[in-house]
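Everything on this sheet refers to the single structure shown next.
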Amino acid sequence: MLNYTIRRLLLLIPLLLFVSLFVFAILKLSPGDPATALLGDQATEEAIALARAKYALDQPFYLQYLQMMVNFFSGELQSIFYKGNVLSIVLQRLPATLELGFLSLLIAVIISIPVGIISAVRRNSFFDYASMSVAMFGVSIPVFFTGILLIYLFAVILKVLPASGYGGHLWTIEGLRHMILPALSLSFVLMASTTRLTRSAMLEVINQDYIRTARAKGVSRFVVIMHHAFKNALIPITTNIGNQIARMFAGAVLTETVFAWPGVGRLAVNAIFRRDEPLVFGCVLLMAVVYVIINLLVDLVYGFLNPQISYD
Amino acid sequence: MLRIVFLVNLFLLLLFAGQITTNADTLISYSIFAVITLILAAIILTLRRRNKTKERGIRTGWDLMWNKLRRNKSAMAGMWVVCGLCYVAILAPFIVPFDPYIMDWGALSLGPESHHWLGTDEMGRDTLSRAIYATRIAMGIGLMAVTLNSLIGTSLGLLAGYYGGNTDNFIMRLLEFWNSIPFILMAIALMAALGSGLFNLILVVSLTGILEFARIIRGDSQLLRQADYVNAAKVMGIPDRQILKRHILPNCLAPIIIMATLRIGETILTIAGLSFLGLGIQAPMPSLGSMLANGQQFLYENITMSIVPGTVILLIVLSFNLFGDGLRDALDSRITQ
Amino acid sequence: MRKIAIILATLLLTTTILVNGAAAEKILRIGIAKEPASLNPVFIHGVYGESVAGNIFDTLVSFKESAKEAAPLLAESWTISKDGKVYTFKLRKGIKFHNGDNFTASDVKFTLEAIMDEKNASPSAQFFKPVQTIETPDDFTVVITLTDPYAPFLLALGSHTAGIMPKAATMAMGMDKFDRAPIGTGPFKFAEWSPDDKIVLTKNNDYFVATPNIDKVIFRPIPKPETMAAELLSGGLDVGSELLPQDVSRMQEEGLSVKSVPGLTSRYLGFNAKRKPFSDLRFRQAVYHAIPFDQAIPGIFRNDGDRAYSWIPVGVLGDDVDYMKKHTLPYNPAQAKALFAELRNEGILPENFEFTIYSPQDPQRKKIATVVSTQLRQYGITVKVETPEWATLFPMLKAGQCDMYAMGWGSVPDPDRWTYKIFIPESNMNFSQYSDPMVTEALKKGRTISDPVLRAKLYQTAMRKALVEDYIHIPIAFLKTTIVTSTKVQGLDPSPQRYIHLVTAKRNVDIK
């Protein structure tokens, strides 16, 4: 398992190489340049030329790339817009995004797994139909629209939760209050897919022989469901959650825009719009690393749940 | 059933014949519709011939699938809605009550009323007409992007699965790397680099989710590679290309179709998300995403402006998903969402 | 038991005091549409940076309340020599920067030289081009000598981008660091900048104009106007700006206070003077005739803007509204059709002509572009609307690559700022690549003379030629500045330039 982890982490090297080359290529393909974006509408040609020299934008591409890579790995990458260290800027924003992601994951799991189990156990009941329809709707509405609807409902009409912004860490009351709405809007997609998957995974397991044997032996219905069936159903559910994390990152960009959330997604989008090349570069590379690590964790949990899997 | 549809098609063809020459849009629509009608006729004929020649007891895999699908109510509902949406999309120029571009400055931001059934937007354009045209564009882009997406995903998956070893390793690792870049960021950066335009949008959207596609096709072709008939073909010296084309690809068709169907919904949502960030389909062309993003700025004043595009997106995504789920249940249970 | 009761009572008491203490702190939460890029005056471009910096920094002279006449601020008084070339400022004594440094003439010299220093690439350097020397005969006198007379010079000094910085602290920190930790003399001290989240300022108890009523100001960048409206309606914000007109009318119904003044921000449509067929006067006239501006402009801007007829805003020297209004081309489809047909016959306008109109991403300019596209479609011209990000669009505009564009401008109430950079051939803001000797001469002369009557005449000549003879631009609208505040906020009025000034000689915003 340690070997496996190390090998997975070693894969980060080619990954970073690939992602960095790709991001750099896109950045250089884009029309316009960071100096113009920074100096705005009144800048003169001379001023722009000076700024270009300041940020080494007048160097040949391969030198710029090498410089960026060296800076990235030595933690010296400087944002043009924020005039600060990229690593510290991203790390400053990362908690907001990770906490939001964590809370929406939590909401999704807490709601969807029980609902999925009940739907499977009471197959074709009213509850089953109702929850499956809601889940279907959940994946069919754009994230940004659920966001604004939640704001209107909970902040403007009911006035129980703040409309937008970051209120502090997840574990503070103010922080939690601010996080509920964006987390809820972000969790819809995950909730919908997890509910459906839990249901189908449970259905598959429930009909298997060993469950029937257990029931025949007199094990209580609840124990059978929770101990025997659910444990096995957990495997596909974990995989799905792992797969969905990438999608959540994507959804986070939209959610963060709607809720004026100071997260990494919005940071990266703004960096692209502002042509803050070092920041885009650093952001995307760091996000790729975070993604790989989260997926590795999911895989390890997966192996923990399913002893049949050997890491080779 | 098919015959009724065919007759309806013929009737519509005759009905709209008079309007063909209005502009290029109508001409294209009309010819597409005519081609579809012809294909329908061909299908009816072949089915009839087959029924005559074949004995009733024998069933092919597709028959079995169809029977299974037919019993799935929600899948059938999804299928009918998809068909209906296709009709709307293709016939859009003939059925819109107004020109979706025309601004009526005397009728700004109206709710539903007798003249404009679903009201107008803040520039006096008919919401119903715009929604119909937007459906046409969303379906068109969705289908094209998904086709491109399936092509790329399938070929990469096939190659990886069939050749195995280093090829497999290389392709799959590369796709995993690709997947690690948050998609929407990549889309934004690519749109910024390539410029906005329908073609670029299709390209960018079709580059997402290749990994999931390739993984499943890879698994299938890995299994098929070991099948006896493939081994036999190899021994006979049939070139790899032929084997892939004749023996492996046809057996992967079912999962490809299922995944493509399930993908369309997501593609349309992605385009809507890009429109929200101002990178989707550019004005003045009507698009569901920008209609919704615009409508939510008028949520209080005129709620129909958001309800209409929202409902249409819901309808498209929902029906494709229901249909795709049904297909999956009928064809293949290995693919999970 | 009694002990517990006492402890509980004490606890209760302390919490009440604490809570009361917290409630007594007056916090003003302001929503802004975009995060400023910089807070270092030398680097600031754009209204968002100026708006925040205006509360941290002070300038030599002030235009904060009356936008037309310069009022003393850091400078107690000043004299201008007869030839208009030498400005002598007497500085106010006893002013301290937020870090405790004394304010002296050397800080003024340092700041202005930093702006003019090419290395800093300051966006406002151009306004100081005519400066020849800056001398400081003593600690509280600054003498600035210009190469040529320059009428809008006081405006340049009064702009927030000329906020005076402490020399020693800035040099110690470096320009870039100072950008993220600015120190000024203004009513509020910089406290915290959490990117994309908030900028926090705290009260400067030693402010020489007045002690601010508010203890803490939080500027929150909120990118979506609909979210900002929701925040205001739910009480999450005290002040909101740049809201959508439809939301503003709703908030008025909900009892929030809405204040609006005619603004100094314009929207216009421009043609490219160097590219066919846009270079042909008849094409521009035909487009003018083809679009029902009188209906479209109120439709798009609602209560948020008034139709513009000239570049120079109403009320600014040389505005000439009546003449311009009379010579504006009316909506006339027949005339447009005839002109397009004529151009087609001459081969200037190709059959099935296609071009792209560019606009930034804000909803209103996008709508203007959409209207152009929709209307010209009826004359067989296909117009694509492209709304690239600023960093992409701006270089294209400057290079003169845009055939047609919907853009805007915002400035101070002086005709020079509204015209010079737009119409002079060598200016990079001349997106239309317009070049007319008569206009150029009038504008160049306009900035060097100080007699208002003569100046007004020159700007009138220039605008008449460029706009209602050559029709190189179509002025669309002057936007109003509207701010929405909760009823608790007192004393805050919108400024035409969209600044948010909290404490000036005449106002001291408070929150009840």
Side-chain angles (χ1 to χ4, degrees), chain B residues 23-25 98-110 120-126 129-130 133 188-201 274-287 290-303 305-306, chain C residues 223-230 233 243-251 253-254 291-302 331 352 356-378 380 382-389 391-393 396:
Chain B
N23 56 41
D25 244 14
F98 290 89
D99 182 335
Y101 292 94
I102 288 294
M103 298 165 176
D104 181 353
W105 295 105
L108 302 182
S109 190
L110 294 177
T120 59
D121 68 5
E122 82 287 4
M123 296 211 271
R125 297 175 292 190
D126 185 59
S129 309
R130 283 184 78 72
Y133 252 83
I188 293 168
L190 271 173
M191 292 298 277
L194 302 173
S196 52
L198 279 188
F199 178 75
N200 289 339
L201 187 66
L274 285 175
S275 296
F276 176 71
L277 294 171
L279 292 166
I281 299 156
Q282 293 290 332
M285 194 179 273
S287 89
S290 24
M291 281 173 77
L292 187 58
N294 184 41
Q296 77 174 27
Q297 301 190 327
F298 293 85
L299 212 49
Y300 180 75
E301 184 186 285
N302 185 0
I303 200 163
M305 271 170 67
S306 356
Chain C
K224 289 283 159 186
E226 56 267 38
T227 309
M228 201 189 300
L233 287 169
L243 291 149
L244 299 163
Q246 63 271 23
D247 285 333
V248 170
S249 48
R250 176 181 181 195
M251 281 181 268
E253 289 164 28
E254 300 265 331
I291 300 165
F293 287 108
D294 278 328
Q295 289 176 299
I297 291 169
I300 292 171
F301 293 95
R302 301 195 176 192
Y331 174 53
N352 300 324
T356 306
I357 179 165
Y358 291 90
S359 102
Q361 293 223 332
D362 77 76
Q364 289 167 340
R365 274 180 272 190
K366 215 161 141 180
K367 279 177 193 170
I368 297 171
T370 309
V371 171
V372 174
S373 164
T374 306
Q375 290 301 124
L376 292 189
R377 203 168 150 266
Q378 295 163 22
T382 311
V383 189
K384 282 205 291 176
V385 179
E386 292 249 18
T387 55
E389 275 303 317
T392 312
L393 176 61
M396 293 176 71

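A quick note: this is a predicted structure, and the numbers were derived from the prediction, not measured. Lettering of chains follows the sequences in order, A, B, ..., and the numbering in each one begins at 1.
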Legend entry - Best-contacting candidate, C/Lys224, C/Lys366, C/Gln378, C/Gln375, against chain B by heavy atom pairs under 4.5 angstrom: C/Lys224
Inset, instruction - Enter the distance from B/Met103:CE to C/Ile291:CD1 here, rounded to the nearest 0.5 Å. - result: 10.0 Å
Legend entry - Options B/Gly124, B/Ala192, B/Gly278, B/Gly106, ranked by heavy-atom pairs under 4.5 Å with chain C, top entry: B/Gly278
Inset, instruction - Just give me the residue among B/Asn302, B/Asp99, B/Leu279 that pairs up with chain C most often, heavy atom to heavy atom, under 4.5 Å. - result: B/Asp99
Legend entry - Proximal component of B/Glu301, with respect to chain C [non-hydrogen, under 4.5 Å]: side chain
Legend entry - Nearest heavy atoms of B/Gln297 and C/Pro225, plus distance in Å: NE2-CG, 3.9 Å
Inset, instruction - Name the member of C/Val383, C/Asp247, C/Ile300, C/Val371 that forms the most heavy-atom pairs with chain B at distances under 4.5 Å. - result: C/Val371
Legend entry - Among C/Met251, C/Gln246, C/Glu253, the one residue meeting side chain to side chain contact (heavy atoms under 4.5 Å, CB included) with B/Tyr300: C/Glu253
Legend entry - Atom group of C/Pro388 that falls short of 4.5 Å from chain B, counting heavy atoms: neither
Inset, instruction - Against chain B, label C/Gln361 side chain, backbone, both or neither, depending on which of its atoms sit under 4.5 Å from a heavy atom there. - result: side chain
Inset, instruction - Measure the CD-OG1 distance between B/Gln282 and C/Thr370 for me, rounded to the nearest 0.5 Å. - result: 9.0 Å
Inset, instruction - Identify the heavy atoms of B/Ala293 and C/Glu226 that sit nearest to each other, and give their distance. - result: O-OE2, 4.4 Å
Legend entry - Partner residues of B/Leu110 under the side-chain contact (heavy atoms from CB on, under 4.5 Å) criterion, sequence neighbours left out: B/Ala107, B/Glu113, B/His116, B/Thr120
Inset, instruction - Would you mind checking which part of B/Leu277 comes under 4.5 Å of any heavy atom in chain C, side chain (CB onward), backbone (N, CA, C, O), both or neither? - result: backbone
Inset, instruction - Give, as side chain, backbone, both or neither, the part of C/Thr387 having an atom under 4.5 angstrom from any heavy atom of chain B. - result: both
Legend entry - Atom of B/Trp105, atom of C/Ala296 and distance for their closest heavy-atom approach: CZ2-CB, 3.5 Å
Inset, instruction - Report the distance from atom CZ of B/Phe298 to atom CG of C/Leu244, rounding to the nearest 0.5 Å. - result: 7.0 Å
Legend entry - Which residues share a salt bridge (charged side-chain N to carboxylate O under 4.0 Å, His left out) with C/Lys367, sequence neighbours left out: B/Glu122
